[in-house]
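What follows is a short report on a single structure.
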Amino acid sequence: MQTIIINIKQLLQVRETSITKVSGAEMAHLPMLENAFLVLENDIISDFGLMENCPKLENATIVDATGKIVLPSFCDSHTHIVYAGNRSGEFVDRINGLSYEEIANRGGGILNSAKKLNETTEEEIYNQSKKRLEEVISQGTGAVEIKSGYGLTVEGELKMLRVIKKLKENYPIAIKSTFLGAHAFPTEYKENHQAYINLIINEMLPKIAAENLADYIDAFLETGYFSVSETIQIMEAGKKYGLTPKIHVNQFTAIDGIKACVENGALSVDHLEIVTEEDIEALRDSACMPVALPSCSYFISIPYTPARQMLNAGLPLALASDFNPGTTPSGNMHFVVATACIKMKMTPEEAINAATINGAYAIDLSDSHGSITKGKKANLIITKPLHSFYEIPYCFATNLIDSVWLDGEKVTF
């Protein structure tokens, strides 16, 4: 089946040859064609170019994109879409002056979500989560990572990962799964961290591997949560089962966690609201992708990842949503891109690169997602008529999407 999109005002993120990521000053360049066409062959991009060279294809479906922008769908490399209930009460607690730490210390936060999840059936968790997945697809996300981490028990973590697997089977979006048993210490292990780590290593990981439920392993490496040495134990254990580390780090404090993650082969380090010169040096010339989560900073009023400092140092940067019930109850990548521009002073070119090609890198999908390249998946956003793609971050709260395409087909729910 062939589809040809014609009269595209601006075709963004056009790459003749596939690349894995862009870094530093390269991120300021977003290759594009004006007055372009794009050909989809089944689920693959097969051709593109200027309208003056547009082929005449018999029996192809023609989509007229006059005045519209076309870009690859967003690659959201950090989410917690699978959860039960919500934490709207904590939202009000923060308005009334309680900090993240204070809410956690009185039984809220991650432990609150864990309690709800363990009381909810797998079927109900799936039904709640699929609505959120459909929402982010409709907002332009075409590849997504989803974490466990609200079980904190053997059965709870397995339940979450099975829901992620079922979502992957039932939806056309590319989904990567991350085991985050090391999200917080359950109350009964507060004074015996090693016992919970042993539970992760000796009971959770073998069962997860036996069912092939995860691609990555994660930990909340942070003061008051998992220390550097504890996280290293978890990374090393995960790698024995073929799970590459993707680690939460430097959300509130910098405790040399980034260096440990790089040394242990982490694919990405995520959050980075606090970044030191030592952290930048650890990341320089590494294969590890820094990932910023600006809508989390927005929602809980913490610092934003210092994007300009990092890009000026030559580092790459990806953007992701952190969609979760406590600190970012939204997976809207349009808002993430806009917030990166408004609050982190990234240019629209940099932010779109970070949300597409670099996001794909952060979930091992550079070969198939993240750019308009022949042979890649036909996962696209077609906007409403716009003057320029600059309006994508400029109109930060307006739905600019005309249609979303996954695997070469227009999405309808």
Check: Run the salt bridge (charged side-chain N to carboxylate O under 4.0 Å, His left out) check on Lys115 and Glu119 step by step: do they pass?
Finding: CA-CA 6 Å; Lys115 182 176 184 294; Glu119 293 170 349; 2.9 Å; yes
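- Relative orientation of the Phe220 and Tyr225 rings is tilted, given thresholds of 30° and 60° on the angle between their planes.
- With Arg94 contributing its side chain and Ile300 its backbone, the two residues share no donor-acceptor pair below 3.5 Å.
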Next item on the list: For the pair Glu123 and Lys166, evaluate salt bridge (charged side-chain N to carboxylate O under 4.0 Å, His left out) and give the outcome as yes or no after the intermediate values.
Entry: CA-CA 10 Å; Glu123 181 181 9; Lys166 188 174 177 182; over 6 Å; no
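- With hydrogens and angles ignored, the 3.5 Å screen pairs no side-chain donor or acceptor of Thr61 with any backbone N or O of Thr3.
- With contacts defined as side-chain heavy-atom distances shorter than 4.5 Å, the pair Met32/Phe389 qualifies.
- Classified by interplanar angle (parallel below 30°, tilted 30° to 60°, perpendicular above 60°), the ring pair Phe226/Tyr196 is tilted.
- A distance-only check finds a donor-acceptor pair linking the side chain of Ser321 to the backbone of Phe323 [under 3.5 Å].
- Looking only at distances, a side-chain donor or acceptor of Arg284 sits under 3.5 Å from a matching main-chain atom of Ala313.
- Here the CD1-CG distance, from Ile173 to Asn379, works out to 8.0 Å after rounding to the nearest 0.5 Å.
- Counting heavy atoms from C-beta outward, Ile372 and Leu380 have side chains that approach closer than 4.5 Å.
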Below 3.5 Å, can you tabulate the donor-acceptor pairs from side chains in residues 135-146 to any protein atom, sequence neighbours excluded?
residue: Ser138; atom: OG; partner: Glu135; partner atom: O; Å: 2.6
residue: Glu145; atom: OE1; partner: Thr79; partner atom: N; Å: 3.0
residue: Glu145; atom: OE2; partner: Lys147; partner atom: NZ; Å: 2.6
residue: Glu145; atom: OE2; partner: Thr178; partner atom: OG1; Å: 2.7

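- Legend: ring pair (Phe, Tyr, Trp, His ring centres under 6.0 Å) pairs involving residues 390-413, not counting sequence neighbours: none detected.
- Here salt bridge (Lys or Arg N to Asp or Glu O under 4.0 Å) pairs that include residues 25-43, with residues two or more places apart or in two chains, are Asp43-Lys377.
- Considering only heavy atoms from C-beta on, His78 comes within 4.5 Å of Asp270 through its side chain.
- Proximity of Val22 to His29: side-chain heavy atoms (C-beta onward) are nowhere separated by under 4.5 Å.
- No side-chain donor-acceptor contact under 3.5 Å links Asp279 to the backbone of Val275.
- Inspection of the Glu16 and Thr373 side chains reveals no N or O donor paired with an N or O acceptor under 3.5 Å.
- Panel note: side chain His334, backbone Pro393; no donor-acceptor pair is recorded below 3.5 Å.
- Leu267 has its side chain out of reach of Met289: every pair of non-hydrogen atoms, C-beta onward, lies at least 4.5 Å apart.
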Item checked: Criterion ring pair (Phe, Tyr, Trp, His ring centres under 6.0 Å) on Tyr298 and Phe335, from CA distance to verdict -> CA-CA 10 Å; Tyr298 171 86; Phe335 180 75; 5.1 Å; yes
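- In the model, Gln13 has a side-chain atom that pairs as donor or acceptor with a side-chain atom of Thr356 under 3.5 Å.
- Panel note: side chain His80, backbone Asn324; no donor-acceptor pair is recorded below 3.5 Å.
- No hydrogens or angles considered: a donor-acceptor pair under 3.5 Å links the side chains of Asp64 and Thr66.
- The closest side-chain heavy-atom distance from Cys54 to Ile4 is below 4.5 Å.
- Not a single donor-acceptor pair under 3.5 Å links the side chain of Glu281 to the backbone N or O of Glu278.
- At a threshold of 4.5 Å between non-hydrogen side-chain atoms, the residues Met160 and Ile125 do not count as touching.
- Distance alone, capped at 3.5 Å, places no donor-acceptor pair between the Ser113 side chain and the Asn86 backbone.
- Within the 3.5 Å criterion, the main-chain N or O of Leu57 finds no donor-acceptor partner in the side chain of Gln2.
- Side chains of Leu11 and Phe48 form a contact here, defined as non-hydrogen atoms less than 4.5 Å apart.
- Residue pairs meeting the ring pair (Phe, Tyr, Trp, His ring centres under 6.0 Å) criterion with at least one member in residues 4-27, sequence neighbours excluded, do not occur.
- Residues in residues 84-115 take part in these ring pair (Phe, Tyr, Trp, His ring centres under 6.0 Å) pairs, two or more places apart or across chains: Phe91-Phe299, Tyr100-Phe252.
- Partners of Asn35 according to the side chain to side chain contact (heavy atoms under 4.5 Å, CB included) rule, which considers only residues two or more places apart in sequence or in another chain, are Asn7, Met51.
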